[in-house]
Amino acid sequence: MSLYPFARSIVAGILKPTYRIKVEGLENFPKDGGVFLCTNHISNYDPPVVGITAPRKVFFMAKAELFKVPILKDLLMNFGTFPVNRGGSDREALRTGLKILKEGNVLGFFPEGTRSKDGELGKGLPGAGFFALRSTAAVVPCAIIGPYKPFKTLRVVYGKPINMDEYREKKITTEEMTGIIMGEIGKLLEK
């Protein structure tokens, strides 16, 4: 039995009232099929906030260092999180991510690769373009609009899926695709 639904309800019971989380655009989230969910990254709380606001279970990559802590490793793996070695191309993490999408699940991804220190949207890494172009998943941009301050409203905005047909046909590069995804996240941040 998975701990995910139980943990999700506990985390939601803590975070939703503390940060007065307001969710927008859930109608844009595909009800089935693979979804590549790309969001900005402003806090360590971002993965659980996305996990409790998305209408489907979200699988995340997390830095490999977290999996060296025995109890944390077990928890992360139970929640569908898998390790990635940052700073280079981690082929195993790429294969795992593509498998998640191919199986019709949701892969949550922070294209910036790390948290923004100033809250501004940073440059995306090519991994975002890789997953978008190499899978047939719907690519959904998401914006977390802070601040993470108790009893201040935190907004999570899910955008419409990016029409990938034209980009896959044009055979654009992963860097170009990442730029397009970051642009869509940027538009949501301006709302």
Side-chain angles (χ1 to χ4, degrees), residues 4 8 23 25-26 28-30 32-67 76-77 79-116 120-146 156-164 167-168 172-189:
Y4 192 87
R8 186 175 193 255
V23 184
L26 280 178
N28 296 322
F29 207 103
D32 50 35
V35 175
F36 183 47
L37 179 61
C38 295
T39 187
N40 61 317
H41 199 5
I42 58 174
S43 167
N44 284 329
Y45 290 124
D46 293 342
V49 163
V50 170
I52 64 173
T53 60
R56 296 169 55 192
K57 180 177 180 177
V58 182
F59 293 80
F60 287 102
M61 287 184 179
K63 60 184 178 181
E65 296 84 359
L66 296 175
F67 290 82
L76 290 171
M77 292 185 77
F79 298 144
T81 305
F82 61 98
V84 60
N85 291 305
R86 298 186 305 170
S89 178
D90 183 338
R91 290 177 189 260
E92 184 60 30
L94 295 175
R95 278 193 291 274
T96 300
L98 286 174
K99 182 175 185 267
I100 287 166
L101 294 170
K102 186 176 181 181
E103 291 173 350
N105 295 306
V106 180
L107 176 61
F109 197 80
F110 299 102
E112 295 161 285
T114 190
R115 292 181 313 281
S116 169
E120 296 295 316
L121 188 62
K123 185 177 188 297
L125 299 174
F130 171 85
F131 285 116
L133 294 170
R134 291 284 179 98
S135 74
T136 58
V139 179
V140 176
C142 174
I144 301 171
I145 304 168
V156 180
V157 183
Y158 292 100
K160 292 183 178 174
I162 298 169
N163 182 356
M164 290 299 299
Y167 299 119
R168 289 182 179 125
I172 65 172
T173 67
T174 55
E175 289 82 4
E176 290 170 325
M177 189 67 237
T178 297
I180 291 163
I181 293 168
M182 297 308 287
E184 292 300 315
I185 296 170
K187 288 177 192 173
L188 295 175
L189 287 168

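Because the structure is predicted, anything quoted here is derived from the model rather than measured. No hydrogens, no waters, no symmetry mates; every other heavy atom, side chains included, goes into these values.
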Write down the atom of Cys142, the atom of Ile185, and the distance for their closest heavy-atom approach.
O-CG2, 3.6 Å

Can Leu98 and Arg134 be said to form a side chain to side chain contact (heavy atoms under 4.5 Å, CB included), step by step?
CA-CA 8 Å; Leu98 286 174; Arg134 291 284 179 98; 3.9 Å; yes

Taking the six-membered ring where the residue is Trp, are the ring centres of Phe110 and Phe60 under 6.0 Å apart?
yes

Heavy atoms, side chains only, cut-off 4.5 Å: are Val140 and Pro30 in contact?
yes

Side-chain donor or acceptor of Thr81 paired with backbone N/O of Met61 under 3.5 Å
no

Atom of Pro83, atom of Ala64 and distance for their closest heavy-atom approach:
CB-CA, 4.0 Å

Nearest heavy-atom approach of Leu125 to Gly113 is CD1-CA, 3.8 Å

Does any part of the side chain of Phe29, heavy atoms only, come nearer than 4.5 Å to the side chain of Val35, both counted from C-beta?
yes

Does the side chain of Cys38 reach to within under 4.5 Å of the side chain of Pro111, using non-hydrogen atoms?
yes

If you apply the rule side chain to side chain contact (heavy atoms under 4.5 Å, CB included), what do you find for Lys160 with Glu184, and how did you get there?
CA-CA 9 Å; Lys160 292 183 178 174; Glu184 292 300 315; over 6 Å; no

Any side-chain heavy atom of Phe67 sitting closer than 4.5 Å to one from Met77?
yes

Roughly how far, to the nearest 0.5 Å, is the CG atom of Leu133 from the CD1 atom of Ile181?
7.5 Å

For Gly159 versus Leu188, what's the shortest heavy-atom pair and its separation?
N-CD1, 3.7 Å

Look only at the side chain of Glu112 and the backbone of Gly124, and say whether a donor-acceptor pair between them is shorter than 3.5 Å.
no

Heavy-atom closest pair, residues Thr178 and Gly129
OG1-N, 2.9 Å

Please tell me if the side chains of Arg115 and Asn44 come closer than 4.5 Å, counting only heavy atoms from C-beta onward.
yes

Spell out, as yes or no, whether a donor-acceptor pair under 3.5 Å connects the side chain of Asn85 to the backbone of Asp90.
no

Using a 3.5 Å distance criterion without hydrogens, assess whether the side chain of Arg8 forms a donor-acceptor pair with backbone atoms of Pro48.
no

Between the CD1 atom in Ile100 and the CG atom in Asn105, the distance rounded to the nearest 0.5 Å is 7.0 Å

Between Phe79 and Lys57, which heavy-atom pair has the shortest distance, and what is it?
O-CE, 3.7 Å

For Tyr45, does the OH atom sit with more than 12 other heavy atoms under 6.0 Å from it, leaving out its own atoms?
no

Please assess Leu76 against Leu66 for the test side chain to side chain contact (heavy atoms under 4.5 Å, CB included), listing each intermediate value before the final yes or no.
CA-CA 9 Å; Leu76 290 171; Leu66 296 175; 3.8 Å; yes

Give, for atom CZ of Arg56 and atom CG of Asp32, the distance between the pair rounded to the nearest 0.5 Å.
6.5 Å

Residues passing the ring-ring contact (aromatic ring centres under 6.0 Å, His included) test with Phe131, sequence neighbours excluded, are Phe36, Phe109

Interatomic distance, Ile172 atom CD1 to Ile180 atom CD1 [nearest 0.5 angstrom]:
3.5 Å

Quick check: does any side chain N or O of Tyr167 sit under 3.5 Å from a backbone N or O of Glu176, one acting as donor and the other as acceptor?
no

Spatial distance of atom CG (Leu94) from atom CD (Glu92) [nearest 0.5 Å]
9.5 Å

Run the ring-ring contact (aromatic ring centres under 6.0 Å, His included) test against Phe130 and tell me which residues pass, sequence neighbours left out.
none

Supply the atom-to-atom distance Arg168 CZ to Ser135 OG, rounded to the nearest 0.5 angstrom.
5.5 Å

Side chains of Thr39 and Tyr158: is there a donor and an acceptor less than 3.5 Å apart?
no

Quick one: are Asn40 and Ser116 in side-chain contact, heavy atoms under 4.5 Å?
no

Does any part of the side chain of Leu121, heavy atoms only, come nearer than 4.5 Å to the side chain of Met182, both counted from C-beta?
yes

Beyond-backbone contact of Pro47 with Val50, side-chain heavy atoms, under 4.5 angstrom:
no

